[in-house]
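Working notes, structure below.
Here is the naming used below: chain letters follow the sequence lines, and residue numbers restart at 1 for every chain.
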2 protein chains.
Amino acid sequence: MAEKRKRTEISTLGEFGLIEHLTKGFKSLQKSTMKGVGDDAAVIAVGEKLMVVTTDLLLEGIHFDLTYTPLQHLGYKAVVVNLSDVYAMNATPTQITVSIGVSAKLAVEDLDELYAGIQMACEHYGVDMVGGDTSASLTGLTISITAIGEAPKESITYRSGAQVNDLICLSGDLGAALMGLQILEREKQVFQQTGLEQPQLEGYDYVLKRILKPEARVGTIEMLKEAGIKPTSMIDISDGLSSELRHICKESGVGCRVYLEKIPIAAETFKVCEELNFDAVTAALNGGEDYEMLFTIRQEDVEKIHGLSGVDVIGHITGASTGAFLVTPDGRDIELQAQGWVDC
Amino acid sequence: MAEKRKRTEISTLGEFGLIEHLTKGFKSLQKSTMKGVGDDAAVIAVGEKLMVVTTDLLLEGIHFDLTYTPLQHLGYKAVVVNLSDVYAMNATPTQITVSIGVSAKLAVEDLDELYAGIQMACEHYGVDMVGGDTSASLTGLTISITAIGEAPKESITYRSGAQVNDLICLSGDLGAALMGLQILEREKQVFQQTGLEQPQLEGYDYVLKRILKPEARVGTIEMLKEAGIKPTSMIDISDGLSSELRHICKESGVGCRVYLEKIPIAAETFKVCEELNFDAVTAALNGGEDYEMLFTIRQEDVEKIHGLSGVDVIGHITGASTGAFLVTPDGRDIELQAQGWVDC
């Protein structure tokens, strides 16, 4: 029975490498499949419309820590991160399914809180919860949400549409969610070391809200539509600006230059970075979970974009051969890495 | 912080009670939602077509035991159980998403096996794997699959359409999956007690295949279509005949009478039941995971159904006030329970 065979640790491939490795053998059999693995969501043709489908799996201890995450916020966020993927396709979310694996430590009242957050998100974004699966779990809480959306055929925006000279745009500001997480982790350590039950969270409202109860950028999507701008490519920022820019460059076969001083960081985020001795640019480039929209537009749309509140132009698309770079105010080029960044 | 509040154990509600409790507050906001929670799959209108969506969460230690479940079979089965829900809506599955949480004990080669099984099922049933999520898991292996299907508007079959005097039909045979599980559990215990590595699985091919590598009843769905029969209601057997009959009765607002001697049980299943001193009728009524199709048809379609291979008429629908009963050969009426059955 116990035959000896090769064992390759999953860590040697990394998340994106693993996905590529596991999915490369699959062939498309359905002509309705317009886009499979490799974007924010899959795209399926149904008559004259396109449906988009995206799914996220959230595991206790990996994606959330119940010691400092209120269940209502967790439910809200679990929905929002999926809707964000639908918006990143320039589509409108319409339905979700919610599956949960429930550990014995949770009571019905805990699930009521979780579902109150799920329901709040459904009502806020106007989506229906249409199904799911409920199971006991021997270990931690598991949440799996699938979101479905729709869009006219001409609207769908992929990661792969960026062209040389397109402008790179960003909604909102970056790095706040990571700093919120740092504050929560600090207070957890204080609690574990001292047993003090009252965490010091006053004055951190903005960064805490960004990590605990993020919103999807439906406003940005609507503004773009009203302004008559169709992004050439789009992605939501779940893993950090660097990583998402590299996705767009890889899928579009282009390079990019973004300018450090153009990257929007909130004053509250700077303040926490200073307090915790954390580099704010690193937080903005690599801190995930901001759920802002990163998108590219044609040069001819530049006048239209300047009128939109909360959207910044942070750089432009270049040829593939020039790579993906961050340009510092003193003129240095720093190559963007999937995780981290190196001087060159 | 540690406020005192009510704690209701989840077990007091049961799975179906919990789902009802958690989802009752949700209102439908999208006019495209034709059916939300409460059937084998949700139904969404897209133009002239209907899409169906269903999802399942599989957790190690709850839904599968890796000590005796080959990963390739697990991947295959995880897909099939979702496709079965799509077929149970009289729809055709077209795409799936696959999310996995991977514990550290698994290597890339293990996931290759899992995905080989997933791919095999995709190819066999002609569906595309179009997305998912991959994550580390601190605990066991977690698999969450969502299946999407489509159907013309007139084809979709709900649990709620059964009418008084409709005939109750069933594909295949029941109880085999449960007996396969019993054999695997027996061999696991032998292994744990004696350390003997070679399990005794010869001669149990049929029941083992039913638990380890089940198939979805696409053949039955196709036969019904060819025969010009549209079932008035349909459900797949994942929790056991008793439980599924009660779902149809509840959703349709009817009662039923099924006849014990009409319930199909394979010779192989009888043999294992005898060996393990297990009541075969109990296995057939309450053993889940058979993934056969349970459906009702109009009386006028009775001639058409008799020509179909592998389909049995096991009873008929009655008024709601008469309840849901199993009739024994000696004429006793036994009330069908969600789990178990009682003499009355």
Among [options], which residue forms the greatest number of heavy-atom pairs with chain A at distances under 4.5 Å?
{"options": "B:S32, B:G101, B:S11, B:A107", "value": "B:A107"}
{"options": "B:E48, B:K105, B:E150, B:K35", "value": "B:K105"}
{"options": "B:Q119, B:E9, B:K27", "value": "B:Q119"}
{"options": "B:T94, B:L114, B:T97", "value": "B:T94"}

Exercise. A:T142 and A:E60: side-chain donor and acceptor closer than 3.5 Å?
Worked result: no
Problem set entry | Donor-acceptor side-chain pairing of B:E185 and B:Q189 below 3.5 angstrom | no
Nearest 0.5 angstrom please: [X] [atom1] to [Y] [atom2], how far?
{"X": "B:Q72", "Y": "B:M120", "atom1": "CD", "atom2": "CE", "value": "4.0 Å"}
{"X": "B:F64", "Y": "B:T69", "atom1": "CZ", "atom2": "OG1", "value": "8.0 Å"}
{"X": "A:L74", "Y": "A:L58", "atom1": "CG", "atom2": "CG", "value": "7.0 Å"}
{"X": "B:D40", "Y": "B:M89", "atom1": "CG", "atom2": "CE", "value": "6.0 Å"}

Between [options], who has the most heavy-atom pairs with chain B when the cutoff is under 4.5 Å?
{"options": "A:T23, A:D56, A:D39, A:V127", "answer": "A:D56"}
{"options": "A:V46, A:L22, A:V102, A:I118", "answer": "A:L22"}
{"options": "A:V53, A:L59, A:V98, A:I148", "answer": "A:L59"}
{"options": "A:I100, A:L13, A:I44", "answer": "A:I44"}
{"options": "A:L29, A:V37, A:V108, A:D128", "answer": "A:D128"}
{"options": "A:V43, A:T54, A:T146", "answer": "A:T146"}

For this session: For the pair B:Y76 and B:Y125, name the ring-plane relationship: parallel under 30°, tilted 30 to 60°, perpendicular over 60°.
Result: tilted
For this session: Evaluate whether atom CD of A:E109 has more than 12 neighbouring non-hydrogen atoms of other residues, nucleotides or ligands under 6.0 angstrom away.
Result: yes
Identify each donor-acceptor pair in which a side-chain atom of residues 129-139 of chain B lies under 3.5 Å from a protein atom, sequence neighbours left out, and give them as a table.
{"from": "B:D133", "atom 1": "OD2", "to": "A:L57", "atom 2": "N", "distance (Å)": "2.8"}
{"from": "B:S135", "atom 1": "OG", "to": "A:H63", "atom 2": "NE2", "distance (Å)": "3.4"}
{"from": "B:S137", "atom 1": "OG", "to": "B:T139", "atom 2": "N", "distance (Å)": "3.1"}
{"from": "B:S137", "atom 1": "OG", "to": "B:G140", "atom 2": "O", "distance (Å)": "2.8"}
{"from": "B:T139", "atom 1": "OG1", "to": "A:T139", "atom 2": "OG1", "distance (Å)": "3.2"}

Seminar exercise, completed: Okay, B:I10 and chain A: the region with an atom under 4.5 Å from a heavy atom over there is both
Exercise. Under a 4.5 Å heavy-atom cut-off, does chain A meet the side chain of B:A116, its backbone, both or neither?
Worked result: neither
For this session: Return the minimal non-hydrogen interatomic distance between A:S238 and A:Y291, and the atom names on each side.
Result: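 So the minimum-distance heavy-atom pair works out to CB-CE2, 3.8 Å.
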Exercise. Residue by residue, which of residues 78-87 of chain B have a heavy atom closer than 4.5 Å to a heavy atom belonging to chain A?
Worked result: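 No residue falls under the 4.5 Å cut-off.
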Problem set entry | Short side-chain to backbone donor-acceptor contact, A:S155 and A:A151, under 3.5 Å | no
Exercise. Hey, would you say the A:H21 and B:Y115 ring centroids sit under 6.0 Å apart?
Worked result: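 No.
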